[in-house]
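Okay, structure first, notes after.
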There are 2 protein chains.
Amino acid sequence: MDDNSTRGRSSRSTGSARLTDVARVAGVAPMTVSRALNRPELVSESTRLRVQRAVLETGYVPNRVAGALASSRSRLVALLVPTVAHSLFAEVVQTVMGVLAPQGYQVLLGLTGYTPEQEETILETVLSRRPDGIVLTGCRHSALTRQRLLSAKVPLVEIWDMSDDPVDMLVGFSHEAVGRAVAEHLLARGYRRFGLISADDSRGRRRVAGFIGGLEGAGEGTYQLREVGTPSSMPWGRGMGAELLDSHSLDAIVCSSDILALGVLAEAQSRGLAVPDRLAIMGFGDSSYAGASFPALSTVRIDGAAIGLRAAEHLLQRMAQPTFERAGQSQDVGFEIIDRDTT
Amino acid sequence: MDDNSTRGRSSRSTGSARLTDVARVAGVAPMTVSRALNRPELVSESTRLRVQRAVLETGYVPNRVAGALASSRSRLVALLVPTVAHSLFAEVVQTVMGVLAPQGYQVLLGLTGYTPEQEETILETVLSRRPDGIVLTGCRHSALTRQRLLSAKVPLVEIWDMSDDPVDMLVGFSHEAVGRAVAEHLLARGYRRFGLISADDSRGRRRVAGFIGGLEGAGEGTYQLREVGTPSSMPWGRGMGAELLDSHSLDAIVCSSDILALGVLAEAQSRGLAVPDRLAIMGFGDSSYAGASFPALSTVRIDGAAIGLRAAEHLLQRMAQPTFERAGQSQDVGFEIIDRDTT
DNA sequence: ATACAAACTGATTGCGCTAACATTTCCTTG
DNA sequence: CAAGGAAATGTTAGCGCAATCAGTTTGTAT
């Protein structure tokens, strides 16, 4: 009579149908309803149908918060990226979600900006949701972040970077190698006086360092470096391009993103500078618009979709395992220099 | 002796520190720890500090899954957009999260593609997480979706569109009005023979319908319509632009996104067609790169940031209210035709 | 019929936390 | 210094679900 299966009894109840309500309507035990919904293969055809009808009749919407607490499985994956306003990261988000959604995982998105402090704060709140897996952009974490990741015992994929000691799994590419390769490539094509425009984030800086290392290794070439704020944009590129061209005589400008490069291209065109004869321009990322600008932008192709895909697959595989065990595997997806018409 | 505050007792426990562990170390009741962490103003300075130390000592990470179940507040907001691969939606995501994160809300991201079926599926799983609020792109939902939204009793903001009967709150603009305004604007500038390139989604189609309505209202102008798949990209624009220019004599091409317009621009430039004298080009969205292309792209400015900002603010306001009550308010943020150098 | 396994269903318990109410401690103020 | 109230802390009882194990039914071989 005073049992809990009657509506509106407890002042704390939310008022919507629960598993017990469905069970009562279907004339079975709550546990059977749970099974009918989550592991239908364990239930007979007839009960499955009765439960199905009862769900429709009651308008039951499962409460996965309670489910997660009871089973210690949240079916939630945290995805931490610096921003989605950059098409490369948007591509990663898109791909990761495309792989995870069909497997029944939902995504908790976190934007870390480009600072370790924000990463730290966001990771803390993210961990409190007890996600089943984490995809985290970058490998350079604060000590506290790293310690939290280690003690969390959650499958983790770090992406977008290479590291000698990944926390768990890793899918990325080497930013230094990109810079070095671009330097060697442009030197080989005869360019010598370089302008560098980089966003002021750590990975952009590592590409710059790689580029400078490449010049030094070859013993050739000079450079002028300019940093711009995040997020990168065409106006930033155009403005910095103008500043570099005003004050220096340059053969080529290398940018830390395609969007900056398009800004430089616009500036060159407005000055009537022939590209690439008077000025070569190099982007980074191979965004969708890079291949179709006029002239088509030379750039470094990063396969964000491949990174997202592999990260998600690694995660799925690990989340399917009953026991937690770090993998410690790294995967370098590399990059490709795309020589179009601006170099 | 057999109490539950001893580690490793229950086989169902997760093994990490709980509130009771912190309480034991701090020498206070569990409830006091809860208060010290969530409502510190209710706790004396000295206990707050003792709890703080105990948290550090035990390495306690709150379990918000349990917290949400107990309090019926998930501090989760579901954000449903068609894609993040489009800069306008990425901007909305970025802004919404920027507003909500400082208020302690986390975002559950859902990608609905451009189909009502996916929206339906995703909404179902999203509702099972009991979010405190929902931001949903678009106003044309399936009957089931609408019914679920109505019975969910969750604050909801529909964005990116206008509607006569919003489910709850609404922040958007009229796609028909955009189409009509663009038609009138271009007719006024003397263009008559139009090519239209639109993505095959419902909102793009409504802008096309508005454009055609504008031509018919004025009794002037002819048009050729082409639809492209989603997601839009420069190659799509360039290809469709080439097809239109090959088969028709046109004054202007109107695109359903800036990225398509840049593709058309590239095609025009590669053909040596003077823009805008021989061919005018109009984009949509005013993405970051639109203003800095050469020549600078004319487009329709949609303030994604404003939409995201207001949607988030409305939601916060509603989530702060103790009782659930539909608002039924709409807000039209409008749009602006930006006349740059391609018209 | 009987034994035995396999398939299915049910009862109990607890996941980790907070709402609600009860109690204690501290501080005014006449 | 007693009375009264505010501030601080504690106790109890779930939130809604699934793990676990116990029980029941069904099918199959003897």
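When reading the values below, keep in mind they use all heavy atoms of this one structure, side chains included, and skip hydrogens, waters and symmetry mates. What you see is a predicted model, and the numbers here were worked out from it, not measured in a lab. A, B, ... follow the sequence lines: proteins, then strands. Residue 1 opens every chain.
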**Q.** Length of the CZ-P vector between A:Arg24 and D:dG16, whole Å
**A.** 13 Å

Q.
It should be established whether B:Ser72 places a side-chain nitrogen or oxygen under 4.0 Å from OP1 or OP2 of nucleotide C:dT18.
A. no

Q. Looking at C:dA19, C:dG16, D:dG16, which one has an atom nearest to any side-chain atom of B:Ala66?
A. C:dG16

Q.
C:dC8, OP1 or OP2 - any side-chain N/O from A:Ser44 closer than 4.0 Å?
A. no

Q. NA contact type, A:Val65, heavy-atom cut-off 4.0 Å: base, sugar-phosphate, or nothing?
A. nothing

Q) Just how far, in rounded Å, is P of D:dA18 from CZ of A:Arg75? A) 11 Å

Q. From C:dG14, D:dT11, C:dC17, pick the nucleotide closest to the side chain of A:Ala70?
A. C:dG14

Q) Side chain of A:Leu69: nearest nucleotide among C:dC17, D:dA19, C:dC15? A) C:dC15

**Q.** Rounded distance (Å) that lies between atom P of D:dA19 and atom CG of A:Leu37
**A.** 13 Å

Q. Expressed in angstrom and rounded to an integer, what is the separation of B:Leu42 atom CG from D:dG10 atom P?
A. 14 Å

Q) Any sub-3.5 Å donor-acceptor pair from A:Thr47's side-chain atoms to A:Val43's backbone N or O? A) no

(Q) I want to check one thing: is the phosphate of D:dC17, taken as OP1 and OP2, less than 4.0 Å away from some side-chain N or O of A:Ser71? (A) no

Q) Is any side-chain N or O of B:Arg35 under 3.5 Å from a base N or O of D:dG10, one able to act as donor and the other as acceptor? A) yes

Q.
Keeping B:Arg64 on the side-chain end and A:Arg130 on the backbone end, is there a donor-acceptor pair under 3.5 Å?
A. no

Q) Salt bridge between B:Arg310 and B:Glu313, side-chain N to carboxylate O under 4.0 Å? A) no

Q) Think A:Asn38 has a side-chain N or O under 4.0 angstrom from the OP1 or OP2 of D:dA18? A) yes

Q. Could you state the CG-C1' distance from B:Asp21 to C:dG16, rounded to the nearest angstrom?
A. 10 Å

Q: May I have the distance from A:Met31 (atom CE) to C:dC15 (atom C1'), rounded to whole angstrom?
A: 14 Å

Q) Quick one: is D:dG16 close enough that its OP1 or OP2 comes under 4.0 Å of any side-chain N or O from A:Ser13? A) yes

Q) Tell me: CZ of B:Arg39 to P of C:dT18, nearest whole Å? A) 11 Å

**Q.** OP1 or OP2 of C:dT9 under 4.0 Å from side-chain N/O of A:Thr47
**A.** yes

(Q) At 4.0 Å (heavy atoms only), tell me whether B:Val28 reaches a base, stays on the sugar-phosphate, or touches nothing. (A) sugar-phosphate

**Q.** A:Arg12 CZ - D:dT12 C1' separation (whole Å)
**A.** 10 Å

**Q.** Stepwise salt bridge (charged side-chain N to carboxylate O under 4.0 Å, His left out) check, B:Asp165 with B:Arg146
**A.** CA-CA 11 Å; B:Asp165 57 341; B:Arg146 196 178 170 89; 3.4 Å; yes

Q. Closest heavy-atom contact between A:Tyr105 and A:Val77?
A. CD2-CG2, 4.0 Å

